[in-house]
Every structure is written in C-alpha cells, then in structure tokens.
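Right, one structure below, let's go through it.
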Amino acid sequence: MCRIAGIISNRFSPDEINKRVSLMCNALKHGGPDDEGIFRDDDAKLAFGHRRLAIIDLSKNGHQPMADAKQRVWITFNGEIYNYLVLKQELLKLGAKFNSNTDTEVIINAYLHWGTAAFEKLQGMFAFALFDKEKATTYLVRDSAGIKPLYYYAADGELSFASEVRAFKAADVANTQDPAWAIRFLAFGHIPEPYTTLKNVYSLAKGSYLTWSHRENNFKIASYQQATASSSVITNIEEAKEQLRNCLSASVKSQLIADAPIGVFLSGGIDSSLITLLANQVKNQELKTISIFFNEKTYDERAYQNVVLDKVTGEKFAHLVQQREFEEFLPTILNSMDMPTTDGINSWFISKYANEDGLKAVLSGIGADELFGGYPSFNRIKYFNYLRKTPTFIAHFANYFKADKYKKLSFLEYRHYLADYLLLRGFFTPNDIAQILDVDVKQVAETLFSEPNSERSGSYTKEDASWFETNLYMQNQLLRDTDVMSMSHGLEVRVPFLSEDFLKLAASISPEIKFSNERQKKILIDSFNDILPEAVWNRPKMGFSFPLQQWMGMHTEISNEHLYKNEMTKNLIRKFKKGDMHWSKAFALYQVQLHG
C-alpha cells in the first residue's frame with residue numbers, strides 16, 4: 001500500500017519533470033512514510049514517483065519504482081495483490097525470474113508473459129502505472145472494485161497521474177478549479193467519479209486501464225474485464241449459504257497476508273463483527289482489534305463490541321472519542337480529505353488510533369450492506385415504481401415544501417438515473433443548490449444530469465438498490481473516504497467483502513433468496529449463525545456513527561450563521577441550530593464556504 005505519481009511531458013525538461021514528480025511525492029508522503037523513489041527516462045520524457053508503506057517484503061527489495069532484470073518494464077504500484085503467490089508459481093513454471101518476495105514483481109512478470117491480459121488475472125486492490133520501454137507505452141490500471149484511487153490529467157500532449165488530487169496542485173500540473181464541483185458536492189455530499197475539484201483531472205474508472213502512446217502523445221481507455229456469459233444462478237438457499245461461508249472465509253484468510261502488524265476495525269455491527277470473528281480463526285493471538293466508543297450513550301456500541309471481543313484472543317484496543325478531540329482535530333481532518341466530503345470523520349479517527357496502536361493494515365466490513373440489502377433504500381426503492389408516474393409539473397411543486405423529505409420529491413422532475421439515486425440519498429435539491437450558489441437552476445440540472453442515462457432495466461427492485469449503493473454511494477463515498485482518511489495516517493484498509501471471488505458469488509445468488517423482507521442481510525446472518533452472536537444481529541442498525549449532530553451544533557464555526565455570506569445558507573444554518581436539519585448538510589455548506 002503506497003502512494004504513486006508521475007508525469008509524461010514534452011513541455012518540461014527532464015529535470016523539471018523530475019522536480020515536479022518529487023513535489024507530487026512530497027504531497028503524498030503521509031500515505032507512504034517508509035520510503036521514496038523516483039524513476040526517470042529522459043528519452044521518454046517520463047518520471048514515476050513512489051511513496052512506500054511497507055507491508056509485504058519489508059526489505060529494500062520492495063523499493064519502487066521497480067523494474068524487471070532487463071529494465072524493459074518499470075512500475076509504480078499502490079495496493080495489494082492477494083493471489084500473487086499463486087500467480088508467482090504459475091510464472092516460475094513459465095521461466096520467470098524473481099529477485100524479491102513482493103507482489104509488485106509478480107505484476108511485472110505477469111505483464112511480460114501475458115501483456116495487458118495480465119490485468120484481469122490480478123485479484124486485489126490496486127492502482128499502478130507501468131511503462132513498457134520497448135513498446136513506448138505507459139499503462140494506468142485500476143482494480144475491478146475501484147478500491148484504490150487513481151486520478152489522471154491528460155491535456156496538450158501530456159499525461160500526469162497521482163493517488164490524490166492534491167498532488168496535481170502541489171506540482172502546479174493542474175490547479176484550475178472545476179467551477180461545477182460545488183454543485184455536485186451539494187447534491188451528492190461528495191464529488192462523484194469521474195469528476196474532481198480540478199478541471200480536466202479525472203478518476204480512472206474501476207476495472208479499466210488507460211493506454212498512453214509515447215509516439216503519438218495520446219491515450220485511450222478500455223476495460224480489462226472480459227465480458228463472459230453469466231454463470232448459473234444459485235436458487236438453493238443452502239447451497240448459497242455454504243458458498244458464502246467458504247468464499248468469505250477464504251477472502252478473509254487471503255487478506256490477512258502481511259509481513260507487518262495487521263488488525264480489524266470492530267464497530268459492533270454485523271459486518272465488522274463477522275470479519276473479526278473470521279480473522280480470529282486465522283490469526284488468533286496475533287490479531288489486534290480497534291474499536292471506538294463515546295460518552296454519548298445513544299452512539300456507544302461497547303456492549304455489542306464486548307460480545308465479540310469475548311470470543312477473540314488477540315490484543316484489544318478501545319478508544320474514547322469526545323467532542324474536544326473532534327474540535328481539536330477538525331482542521332487536520334478537513335485537510336486530510338483531499339476533496340470535500342460529508343463522510344470520513346469516523347474513518348479518520350479510527351485510522352489514527354490504529355496507527356498509534358502499531359498497525360499498518362486493517363480489515364473492514366465495507367461492502368456487505370450494499371451487496372445484501374443493509375440500507376433503508378432496499379425497502380424504499382419499490383415505491384419508485386409509483387413515484388415515477390408523477391407528472392413533471394406536479395413534481396416541480398415539491399420545491400415549495402418546507403420539510404426536506406418532501407422537498408426531495410422534486411428530483412422526480414428529472415428523468416435520469418442519478419435523479420433516482422439523489423431521491424434516495426441526495427442532499428440539496430437543484431432548486432436549493434441554485435439559491436445557495438447564486439446560479440441558475442438550469443445550470444445545476446445540466447451539471448447533474450447531462451451525462452447519458454445508465455443502461456439499467458428501469459425497474460426498481462432490491463437488485464437496483466444494490467446497484468445504486470454499490471456503484472454510486474460505496475464507490476464514490478465510502479471507498480474514497482476510507483482510503484484517503486486511512487492513508488493520511490499511513491494505514492492500509494482491506495475489504496474482504498469486495499474480493500473478486502466474493503463479488504462474483506454475490507452476483508450469482510438469486511435476488512429471491514439474497515434479499516429478505518424479514519430482516520436486512522438475513523442470508524449473511526444465517527450463513528454464519530454458528531459464530532455470529534444473536535446480540536449483534538438482533539439489534540437496531542446503527543452504522544459506524546459519531547454524535548456529530550450535537551458536536552457540530554456546538555462547534556462555533558460550523559454553526560455560526562455570520563460566517564456565511566448567502567442569505568439562503570444563513571437560513572439553513574439557523575435551521576440546523578434548531579435541530580431541523582441533518583449535520584451532514586451543515587458540514588457540506590461549511591466546506592463550500594471554506595473552499596469558495
């Protein structure tokens with residue numbers, strides 16, 4: 001797990017390229033505190049940078065950028081390849097030579113033997129740049145679940161890339177703000193892929209690779225995932241449960257591979273508890289658990305955490321977070337975000353404590369809610385079949401409601417899949433955004449809904465809710481915020497529910513048995529009823545929540561209406577102070593004010 005950056009440019013001299021890549025690496029130092037490396041090829045007008053967080057092969061053999069023995073191929077790599085040992089054995093039989101025990105060298109040799117077909121063979125979370133000197137080609141590659149970030153800037157015959165947006169600004173490669181970022185942010189609560197806060201800086205799509213031709217100074221993007229006929233659908237509940245048990249256990253085991261200390265985030269919910277209990281079967285006393293608790297009883301999950309902790313044998317860390325810590329660290333948290341977001345405060349704190357407790361990698365339960373129906377959206381979405389019959393002119397009148405839950409019905413004005421998502425999870429309506437930013441509502445609507453509609457079926461089932469939660473909410477918010485907040489503390493977060501094999505299995509289970517009207521994530525609970533305590537699953541869902549409604553309401557800056565210039569915004573902050581608006585909306589307004 002590391003941070004990567006690079007520049008290919010005919011505009012700058014080789015020394016200037018090297019200097020700018022060094023600046024990019026300095027901006028990413030928090031994510032790779034163990035080592036730094038820069039490779040330059042003056043003929044190709046190229047430099048790759050790398051900041052290392054050493055987790056597999058802690059020796060100097062893991063130094064990056066790395067090359068093959070003949071120095072034909074160079075790579076700067078961020079992530080983990082969980083099947084690297086299997087691939088290594090296969091490559092050894094094909095005659096490959098290895099000088100280290102790293103997964104990085106496996107990627108190089110896989111490419112040398114299989115070309116771009118190697119990308120699909122990699123199982124893990126990864127983002128890397130690979131320069132093939134012989135072909136005068138550079139590839140940018142991102143994992144199939146989009147766990148690791150990879151941003152690029154391609155304009156005027158040059159290509160730059162980095163793990164975080166801040167690196168482009170630090171090197172003065174791209175620093176012009178995208179004027180539409182605030183519109184997207186106020187609608188979604190984050191900035192959705194492929195967009196960023198910077199003009200012409202985009203996120204590479206998951207499961208894809210960008211091919212840059214050094215001879216022609218241009219690029220193309222393609223998916224490396226081969227379209228295959230859908231596998232047989234699992235309709236037998238007992239078969240599904242058996243496969244879920246085997247596959248998740250294998251995923252957890254493979255993701256516990258590390259030469260550095262590793263642990264688990266334990267919140268007290270179903271998903272983190274299950275990952276903890278499975279990891280304990282593999283690691284036993286070597287496993288460390290990290291938990292957070294609060295003085296505010298409504299948010300305190302210690303009782304549920306302790307039920308699980310009584311069953312595990314490793315070292316157990318628990319940390320009290322209070323309002324004074326929130327206020328002390330808020331400026332640092334905001335800087336760690338890289339781009340504005342309304343989530344991630346919880347990830348920042350638990351990552352901070354994990355780092356202080358000596359961990360370099362942790363497992364997380366992200367993904368189970370999205371795959372097995374753990375959110376209210378899975379029950380709400382069925383009503384869209386009726387709501388979508390509302391005439392546009394009637395939906396428009398929802399703008400005049402005072403209550404936010406009714407005002408959101410105005411998204412029905414727009415016949416677009418993102419309007420469906422925003423009706424489920426949106427923050428501010430286009431009409432409110434226009435007033436907050438003093439822009440025309442048509443500009444807001446064009447920014448949000450101008451891209452082609454999704455090729456979804458158009459139905460509104462639990463499978464559709466899963467698609468929304470996985471490809472929009474989890475992809476754009478949970479995964480990005482978890483990565484950037486954990487890496488701000490030099491910590492790697494692994495997500496067993498999102499392994500390639502587990503995702504394929506979940507997709508193959510019939511919706512009729514995968515989702516239940518009786519209980520959220522029932523099939524997952526039933527699959528592990530032999531190890532998962534009833535006290536953990538037979539309880540109200542809380543999520544990994546902080547007492548932020550109270551803390552932000554008392555925070556002088558966020559709740560200070562005089563800080564905000566716009567009258568609409570002032571009124572919204574007054575509403576928040578009365579307890580009539582969710583903290584996340586106030587936090588979004590605060591960040592727009594800071595960056596505006």
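None of these values were measured; they are calculated from a predicted model.
Judged purely by atom type and a 3.5 angstrom limit, D143 uses its side chain to pair as donor or acceptor with the backbone of K148.
In this structure, F294 has its ring center under 6.0 Å from that of F546.
Atom CG of L266 is separated from atom OG1 of T276 by 4.5 Å, given to the nearest 0.5 angstrom. For the atom pair CG (N529) and CG (L532), the distance works out to 8.5 Å, reported to the nearest 0.5 Å. Here L409 contributes atom CG and N399 contributes atom CG; the two are 10.0 Å apart, rounded to the nearest 0.5 Å. Rounding to the nearest 0.5 Å places CD of Q591 at 7.0 Å from OG1 of T341. To the nearest 0.5 Å, atoms CG (L491) and CD1 (I262) are separated by 9.5 Å. Atom CZ of R494 is separated from atom OG of S486 by 12.0 Å, given to the nearest 0.5 angstrom.
A heavy-atom distance below 4.5 Å is found between the side chains of L309 and V312. Residues L589 and M581 form a side-chain contact, since some pair of their non-hydrogen atoms from C-beta on lies under 4.5 Å apart. When side chains are defined from C-beta on, M552 does not count as touching Y590, because their heavy atoms never get closer than 4.5 Å. With a 4.5 Å cut-off on side-chain heavy atoms, L274 and V536 do not count as touching. Annotation: side chain of T196 is not in contact with side chain of D178 (no heavy-atom distance under 4.5 Å). L472 places none of its side-chain heavy atoms less than 4.5 Å from the side chain of F188.
Side-chain N/O atoms of K206 and N471 include a donor and acceptor closer than 3.5 Å. N306 and K316 form no side-chain donor-acceptor contact under 3.5 Å, judged by distance and modelled atom types alone. Side chains of S499 and Q255: a donor-acceptor N/O pair is absent below 3.5 angstrom, by distance only. Under 3.5 Å, the side chains of D464 and T461 contain a donor-acceptor pair of N or O atoms. With 3.5 Å as the limit, one finds a donor-acceptor pair spanning the side chains of E164 and H30. With no hydrogens or angles considered, a side-chain donor-acceptor pair links E370 and Y375 at under 3.5 Å.
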>> Is there a ring-ring contact (aromatic ring centres under 6.0 Å, His included) between Y151 and F168? Walk through the geometry before answering.
In response: CA-CA 9 Å; Y151 302 99; F168 297 95; 7.2 Å; no
>> Checking Q593 against T569 for the side chain to side chain donor-acceptor pair (under 3.5 Å) test, could you report, in this order, the C-alpha distance in whole Å, the side-chain angles of both residues, the deciding distance, and whether it holds?
In response: CA-CA 10 Å; Q593 178 67 37; T569 308; over 6 Å; no
>> Walk me through whether F502 and F497 qualify under ring-ring contact (aromatic ring centres under 6.0 Å, His included).
In response: CA-CA 6 Å; F502 194 80; F497 284 111; 5.6 Å; yes
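Here K585 does not pair with D432 in a salt bridge; the nearest charged N to carboxylate O distance is not below 4.0 Å. We find that R480 and D343 are not joined by a salt bridge, their nearest charged nitrogen and carboxylate oxygen being 4.0 Å or further apart. Under the 4.0 Å criterion applied to side-chain N and carboxylate O atoms, R166 and D338 are assigned as salt-bridge partners.
Legend: residues meeting ring pair (Phe, Tyr, Trp, His ring centres under 6.0 Å) with F317, ordered by chain and number and at least two apart, are absent.
Checked options K288, K352, H319; the residue passing with D357 is H319 (criterion: side chain to side chain donor-acceptor pair (under 3.5 Å)).
Judged as a ring pair (Phe, Tyr, Trp, His ring centres under 6.0 Å), not a single pair has a partner in residues 558-577 (not counting sequence neighbours).
Note that R388 lies outside the cation-pi zone of Y460, set by a 6.0 Å cut-off to the ring centre and a 45° limit from the axis.
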